[in-house]
Amino acid sequence: MITITFPDGNVREYMRGITGFEIADSISKSLSKSAVAIEFNGQQKDLYDPLNENGTIGIITMKEDAGLEIMRHTLTAQVLARAVKNLYPTAKLAIGPTIENGFYYDIAFEKAISSDDLERIEKEMRRLLGAGNNITKKIVSKMDAIELFQNREETYKIDIIERADSAEYQIYCQEDTDFIDLCRGPHLPSLKKIGAFKLLKLAGAYWRGDSSNEMLTRIYGTAWRDEKELKAHLTQIEEAEKRDHRKLGKEMDLFHLQDEAQGSIFWHPKGFTIYNEVEGYIRRRLRDSGYNEVKTPQLMDQKLWEASGHWEKFGENMFVTPDVVPNTTEGEPIFKEESQNFMAIKPMNCPAHVQIFKQGVTSYKDLPIRLAEFGCCHRNEPHGALHGLMRVRQMTQDDAHIFCREDQITAESVHFCDLLQKVYTDLGFQDLNIRLALRPEKRGGTETTWDKAEEGLRSALKQAGLPFEEDEGEGAFYGPKIEFHIKDAIGRSWQCGTLQLDFILPERLDATYIGEDGEKHRPVMLHRAILGSLERFIGMMIESYAGKFPLWLAPTQCVIATITGSADPYAQELYQKMWDAGVRVELDIRNEKINYKVREHSVKKVPNIFVVGAREAEERTVAIRRLGGKDQDIMPVDDAISDLIQKSRPPY
RNA sequence: GCUGCUGUAGCUCAGUGGUAGAGCGUUCCCUUGGUAAGGGAGAGGUCGGGAGUUCAAUUCUCCCCAGCAGCACCA
C-alpha cells in the first residue's frame with residue numbers, strides 16, 4: 001500500500017500501482033471525468049501513470065491553467081503534428097512547445113508551405129479531433145527510441161534523443177494510428193478533451209535557435225477551453241493591434257518612416273512635441289539627481305573605436321565614412337582614391353564620455369561623476385530587426401555614465417533604481433520585467449571583479465525592492481547588467497532601461513583618478529539609461545496610452561471649435577489668450593457642423609474640445625467636451641484656462 | 001541576415017493579360033448647423049523599381065528594394 005496526501009491535507013491509502021485516474025474516481029465520478037493529468041510530488045504526470053510511492057497528489061482539470069497548458073501541449077504534439085504528417089508525409093517534426101496563450105510546432109517541410117496550407121492543416125486537425133482517439137504511451141530505452149524514429153526518418157527527434165542524457169523516453173501514441181511522438185508529457189488521456197483552437201500564422205525559425213542551423217517552418221496557434229474564450233482572445237488581439245504605435249503614429253500625424261532613411265524617424269510637429277516633453281521631463285529628473293549634461297561628437301576617428309574595443313566587437317553594427325571630400329563630377333566615382341582615414345558615426349556615447357572624464361585630473365573626492373547626454377546614436381541594425389519606433393538605426397538615448405569608485409557601486413545602483421522607479425511610475429509603466437544578466441562565457445576582468453559586480457547589482461535590486469530574474473551568461477563582455485523590459489500592445493517585450501557595470505572601458509581608454517593614497521586608480525563605469533532610446537520609449541507610451549496621452553504630453557491639448565460663424569471673433573480671442581498662456585491649442589472655425597468637429601477631434605484623441613457658440617460668446621464661457629466623456633461642462637473662460645493649465649503640469 | 005507573406009490615389013483597401021475603382025481625406029459650391037460623419041461637384045495613380053515572356057504586362061516569370069510576422073541579432 002502507498003499513502004497519498006491530498007491538497008486539503010486528507011490522507012488515504014491505495015494499492016501500489018494505482019493511477020491518478022483511479023484515485024480521482026475514488027473521490028467522485030465528476031472529478032475523474034474532468035481530470036486531465038495529475039501533479040504528483042510536485043511533478044506533472046499522466047492520468048494513467050502508475051504510482052508506486054507515497055506522495056502528495058493534485059488532480060489537474062481543465063479549470064486550472066496547468067490543465068489548459070497540457071491541453072495546448074497535446075494539441076500541438078498530437079493533433080497538429082499528426083495532421084501535418086498526414087498531409088505532408090515527408091515533413092520532419094522538430095519541437096512543439098506551448099507558449100503564452102497557445103503553442104507552436106517547428107517542422108521541416110520538403111516544399112515551403114503558405115497560409116493556404118494553414119487552412120488545410122487546420123481542417124485536417126478538426127477531422128482528427130472528430131474521431132476523439134485515446135492517447136497512450138510507452139516508455140522505451142534510448143536505443144529503442146532512436147530506432148523508432150530512425151524508421152520514420154525523424155532526424156530532429158533523433159537529434160533530441162541523442163543530446164538528452166536520460167535512460168528512458170516517453171513515446172505517446174494514439175489508438176488506431178501509427179502516429180508516435182516523443183514527449184516528456186503529460187498529455188490529455190483523449191483527444192475528446194481538446195477545446196477550441198485556431199492556427200494563427202507561419203514563420204521561420206532556426207533549428208535549436210541557432211542561425212547557423214537550417215530554418216524550419218514554425219506554425220503558431222492559440223487554444224482555449226471553449227469557443228467563447230477563444231473568441232475573447234481573438235478580439236483582444238484585434239483590440240491590441242489598434243494600439244500599434246505605427247498605426248497611431250500615422251493616424252495622429254506623429255512621425256513617419258520612408259525608404260530613403262530606413263530605420264530613422266521623421267518626427268512630425270505633433271510627435272516631436274511629445275518627444276520634447278519627455279526629454280524635458282527626464283532632463284529635469286537627471287539634473288536633480290546629480291547628473292551633468294554634456295554633448296559629444298557625432299563623428300569620431302575610427303582609431304578611437306579601435307581603442308575602446310567597439311571596433312573589434314561591434315564594428316559590424318557601425319556606420320563609417322571616409323574622411324575625404326567626395327567627387328561630385330557626374331559619371332566619375334564618388335571617391336577618387338581610397339581613404340586612409342575613416343570616421344565612425346557613434347553607436348554609443350561611452351568612449352566620448354570617457355574623453356571628458358579624462359580632461360584634467362580627477363580626485364577621489366570628485367567621484368561619483370555623472371555625465372548625461374541625449375546622445376544621438378546610429379547602429380547598423382539588421383534589416384529584419386527594424387520595427388517602427390521600437391527598433392531603429394538612429395536613436396537618442398537618455399544616456400549617462402557614472403564614474404565611481406568600487407565602494408560606490410552599490411549606492412549608485414540603488415540611487416539609479418530609485419530614480420528609474422519614480423520615472424516609470426510617472427510615465428505610467430508599472431508592469432516591469434527586470435532581468436539581471438550575469439557573466440557570459442567570453443568576458444574580461446577577473447572572477448573577483450565579476451563576483452563583486454554581480455553582487456553589487458543584485459543587492460541594489462534587492463535594496464530598491466525590485467523583483468527580478470537572473471539570466472546566466474547573458475551579461476556584456478565588460479560586465480553584468482540589469483535590463484528593464486516593458487511589453488508592447490501585443491505582448492512583445494522590449495528592453496528600455498538598463499544599468500551596466502563596466503570595468504573594462506576605463507582600462508582600455510586609460511581613465512584614472514587620484515586616490516586618497518596619491519596614486520592613480522581606475523574608476524568603475526556605470527552605463528545607464530532610464531528610458532533607453534527615446535524613440536522606443538515613446539513607442540511604448542503611444543501603445544500603453546493607446547494614443548490618449550495625459551495632458552502634459554498631448555500634442556494638442558485643446559481645440560476650440562465653433563458652432564456658428566458668429567462665434568468666430570470670440571473663438572479667435574480665446575485662442576490668442578490660450579496660446580499666450582502657453583497652451584497647445586488649435587482653432588477650428590471651419591464651416592462644419594459641431595458633430596463633425598467633435599467626432600474628428602475625438603478620433604484624433606484631442607483631450608479637450610472647447611465648444612463655443614453664440615451663447616458662450618454672449619456669456620464669456622466655454623462648453624468643455626473631454627475625450628471619452630459624453631457630457632459637457634460649462635465654465636467661465638478664465639476658470640477653464642487656468643484649470644487646463646493646472647492639469648497640464650508635468651509630473652515632475 | 002533567414003523563412004513566409006505583402007506592395008494599386010494622401011489614408012484604408014477592391015480589381016483586371018487590352019495602361020484602373022470604392023470609402024475616407026483634399027479642392028470648390030450650397031448649407032450657420034448645440035456635442036462622434038449635412039448635401040453636391042471636381043481634382044488626384046509610370047498600379048514599389050528593373051529586366052523578360054507577349055501584338056499588348058498593373059496582372060505572368062525572374063532579379064532588386066521596402067514593409068509586415070516570426071526567427072537570429074540587439075554593444
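Just the heavy atoms: all of them, side chains too, but no hydrogens, waters or symmetry mates, feed the values below.
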Can you tell me the distance, in whole Å, between the [atom1] atom of [X] and the [atom2] atom of [N]?
X	N	atom1	atom2	result
A:M252	B:C11	CE	P	18 Å
A:F255	B:C11	CZ	C1'	15 Å
A:H601	B:A37	NE2	P	14 Å
A:K605	B:A36	NZ	P	16 Å
A:E251	B:G10	CD	C1'	14 Å
A:Q632	B:G34	CD	C1'	7 Å
A:D588	B:G34	CG	P	16 Å
A:E592	B:G39	CD	P	11 Å

Sidechain-backbone polar pair: [X] side chain, [Y] backbone, donor-acceptor under 3.5 Å:
X	Y	result
A:R72	A:A223	yes
A:R522	A:A511	yes
A:K597	A:D588	yes
A:R443	A:P480	no

Would you measure the distance from the [atom1] atom in [N] across to the matching atom in [M] and give it in whole Å?
N	M	atom1	result
B:A14	B:G48	P	14 Å
B:A20	B:U46	C1'	13 Å
B:G45	B:G10	P	8 Å
B:G42	B:C68	C1'	36 Å
B:A37	B:G4	P	46 Å
B:U27	B:G67	P	31 Å
B:G18	B:C11	P	27 Å
B:G1	B:U53	C1'	33 Å

Using a 6.0 Å cut-off, check whether atom CD of A:Q258 has over 12 heavy atoms from anything other than its own residue.
yes
Single hit among A:M578, A:R584, A:H601 for side chain to side chain contact (heavy atoms under 4.5 Å, CB included) with A:C558:
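Result: among A:M578, A:R584, A:H601, A:M578 is the only option passing the side chain to side chain contact (heavy atoms under 4.5 Å, CB included) with A:C558.
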Just to verify, which of A:L75, A:I121, A:L93 counts as forming a side chain to side chain contact (heavy atoms under 4.5 Å, CB included) with A:L80?
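Checked A:L75, A:I121, A:L93 against A:L80; only one passes side chain to side chain contact (heavy atoms under 4.5 Å, CB included): A:I121.
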Base, sugar-phosphate alone, or nothing: which one does [X] contact when heavy atoms must sit under 4.0 Å apart?
X	value
A:K250	sugar-phosphate
A:T217	nothing
A:E616	base

Check RNA chain B against residues 560-568 of chain A and give the residues with a non-hydrogen atom under 4.0 Å, in numerical order.
A:I563, A:T564, A:G565
Can you pull the ring-ring contact (aromatic ring centres under 6.0 Å, His included) pairs that have at least one residue in residues 523-542 of chain A, sequence neighbours excluded?
A:H401-A:H527, A:Y424-A:F537, A:F429-A:F537, A:Y478-A:H527
Where the side chain of A:I594 is defined as all heavy atoms beyond and including C-beta, which of B:A36, B:G33, B:G34 is the nearest nucleotide?
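Out of B:A36, B:G33, B:G34, the nucleotide with an atom closest to A:I594's side chain is B:G34.
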Nearest 0.5 Å please: distance from the [atom1] atom of [X] over to the [atom2] atom of [Y].
X	Y	atom1	atom2	answer
A:H256	A:F266	NE2	CZ	4.5 Å
A:N433	A:Q495	CG	CD	11.0 Å
A:K242	A:E543	NZ	CD	14.5 Å

Donor-acceptor pairs under 3.5 Å, side chain of residues 297-305 of chain A to any protein atom, not counting sequence neighbours: which ones?
unit_1: A:Q298; atom_1: NE2; unit_2: A:C376; atom_2: O; d: 2.3
unit_1: A:D301; atom_1: OD1; unit_2: A:K303; atom_2: N; d: 2.8
unit_1: A:Q302; atom_1: NE2; unit_2: A:E306; atom_2: OE2; d: 2.6

Once each nucleotide of nucleotides 61-75 of chain B is scored for protein heavy atoms under 4.0 Å, what B/S/- sequence comes out, 5' to 3'?
-----SSSSBBBBBB
Can you give me every donor-acceptor pair (side chain of residues 604-622 of chain A, partner residue at least two apart or in another chain, under 3.5 Å) with its distance?
unit_1: A:N608; atom_1: ND2; unit_2: A:Q557; atom_2: O; d: 3.4
unit_1: A:E616; atom_1: OE1; unit_2: A:G613; atom_2: N; d: 2.8
unit_1: A:R620; atom_1: NH2; unit_2: A:E573; atom_2: OE2; d: 2.6

Comparing A:A623 and A:I113 on RNA chain B - which has the more 5′ nearest nucleotide:
A:I113
Check RNA chain B for consecutive Watson-Crick or G-U pairs with both distances under 3.5 Å and list the runs of at least three as stems.
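Paired runs of 3+ in RNA chain B: B:1-7 with B:65-71, B:10-13 with B:21-24, B:26-30 with B:38-42, B:48-52 with B:60-64.
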